[in-house]
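A, B, ... follow the sequence lines: proteins, then strands. Residue 1 opens every chain. As the structure is a computational prediction, the values presented were derived from the model and not from experiment.
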Amino acid sequence: MTGNDAALKITSLIKKIPRGRVATYGQIAILANRPRNSRQVGAVLKSLPAGSGVPWHRVVNSHGRISDRSHSASEGLQRCLLESEGVELNETGRIDLNVFQWRPRRR
DNA sequence: GTTATGACCCAAA
DNA sequence: GTTTGGGCCATAA
């Protein structure tokens with residue numbers, strides 16, 4: 001086994017997120033068998049190469065809000081992509097996780 | 001090998 | 001609603 005299977009696992013899971021649906025960092029961490037690695041999910045996404053096929057825009061924090069990245073205007077892009085897929089944002093700029101959160105094995 | 005940083009989460013004040 | 005403190009571990013230098 002390689003040592004970077006964690007990143008592969010995370011990216012693999014995010015790739016499985018259906019269109020028009022979102023997942024939280026904690027969710028991905030749990031699905032990756034790492035309940036306390038929510039931070040690493042962000043670390044992996046940050047280091048993702050462009051065009052890796054990973055819909056990072058479908059990953060939000062537990063508050064259903066867009067992650068506050070240090071720099072870059074990707075947050076605006078993320079919201080645009082989400083709305084483009086049918087995900088609606090609240091007046092507070094939050095996503096209704098009750099409706100749009102991805103539910104694996106149950107749909 | 002070590003150190004520093006961080007696209008997070010949770011609990012408490 | 002905001003702020004503070006603790007924890008977890010991958011990535012980069």
Asks: For a stem of at least 3 consecutive Watson-Crick or G-U pairs with distances under 3.5 Å, i pairing with j, i+1 with j-1 and so on, which stems involve DNA chain B?
Replies: B:2-6 with C:9-13, B:8-13 with C:2-7
Asks: Might you work through the side-chain contact (heavy atoms from CB on, under 4.5 Å) test for A:Val99 and A:Val87, ending with a clear yes or no?
Replies: CA-CA 9 Å; A:Val99 178; A:Val87 178; over 6 Å; no
Asks: Of the nucleotides B:dA7, C:dG7, B:dC9, which one has an atom closest to the side chain of A:Arg39?
Replies: C:dG7
Asks: Any side-chain N or O of A:Ser62 less than 4.0 Å from the OP1 or OP2 oxygen of B:dC10?
Replies: yes
Asks: Measure from CG on A:Leu48 to P on C:dA10 and round the result to the nearest Å.
Replies: 15 Å
Asks: Whole Å only: how far is the CG atom of A:Asn61 from the P atom of B:dA7?
Replies: 13 Å
Asks: With a 4.0 Å cut-off on N to O distance, would you call A:Glu85 and A:Arg58 a salt bridge?
Replies: yes
Asks: In whole angstroms, how far is the P atom of B:dC9 from the CZ atom of A:Arg65?
Replies: 14 Å
Asks: Base, sugar-phosphate, or nothing: which does A:Ala7 touch, judged by heavy atoms less than 4.0 Å apart?
Replies: sugar-phosphate
Asks: Looking only at the side chain of A:Ser47 (C-beta and beyond, no hydrogens), which of the listed nucleotides B:dC9, C:dC8, C:dA12 gets closest?
Replies: C:dA12
Asks: To the nearest angstrom, how far is A:Lys46 atom NZ from C:dA13 atom C1'?
Replies: 12 Å
Asks: Taking for each residue the nucleotide of DNA chain C bearing the nearest heavy atom, is the 5' side occupied by A:Val44 or by A:Ser38?
Replies: A:Ser38
Asks: Side chain of A:Arg69: nearest nucleotide among B:dG6, C:dA10, B:dA7?
Replies: B:dA7
Asks: Is A:Arg94 close enough to C:dG1 that one of its side-chain N or O atoms is under 4.0 Å from OP1 or OP2 there?
Replies: yes
Asks: If you look at every heavy atom in A:Lys15 and A:Ser52, which pair is closest and at what distance?
Replies: CE-O, 3.8 Å
Asks: Rounded off to whole Å, could you give me the OH-to-P distance for the A:Tyr25 and B:dG6 pair?
Replies: 15 Å
Asks: Please report the closest heavy-atom contact between A:Val59 and A:Ser67, naming both atoms and the distance.
Replies: O-OG, 4.3 Å
Asks: Could you tell me how far apart A:Leu13 (CG) and B:dA7 (P) are, to the nearest whole angstrom?
Replies: 21 Å
Asks: Given the rule in the salt bridge (Lys or Arg N to Asp or Glu O under 4.0 Å) test, do A:Glu75 and A:Arg79 qualify, once you have shown the distances and angles that lead to the verdict?
Replies: CA-CA 6 Å; A:Glu75 45 187 283; A:Arg79 173 171 177 166; over 6 Å; no
Asks: Take the protein atom CG of A:Asp68 and the nucleotide atom P of C:dT2, then report the distance between them rounded to whole Å.
Replies: 11 Å
Asks: Are A:Leu82 and A:Val22 packed together at the side-chain level, in the sense that at least one heavy-atom pair is separated by less than 4.5 angstrom?
Replies: yes
Asks: Round to a whole Å and report the spacing from CZ of A:Arg36 to C1' of C:dA10.
Replies: 17 Å
Asks: Run the side-chain contact (heavy atoms from CB on, under 4.5 Å) test on A:Phe100 and A:Glu88 for me, step by step, so that the C-alpha distance in whole Å, both residues' side-chain angles and the decisive distance to 0.1 Å come before the verdict.
Replies: CA-CA 8 Å; A:Phe100 295 103; A:Glu88 297 180 21; 4.2 Å; yes
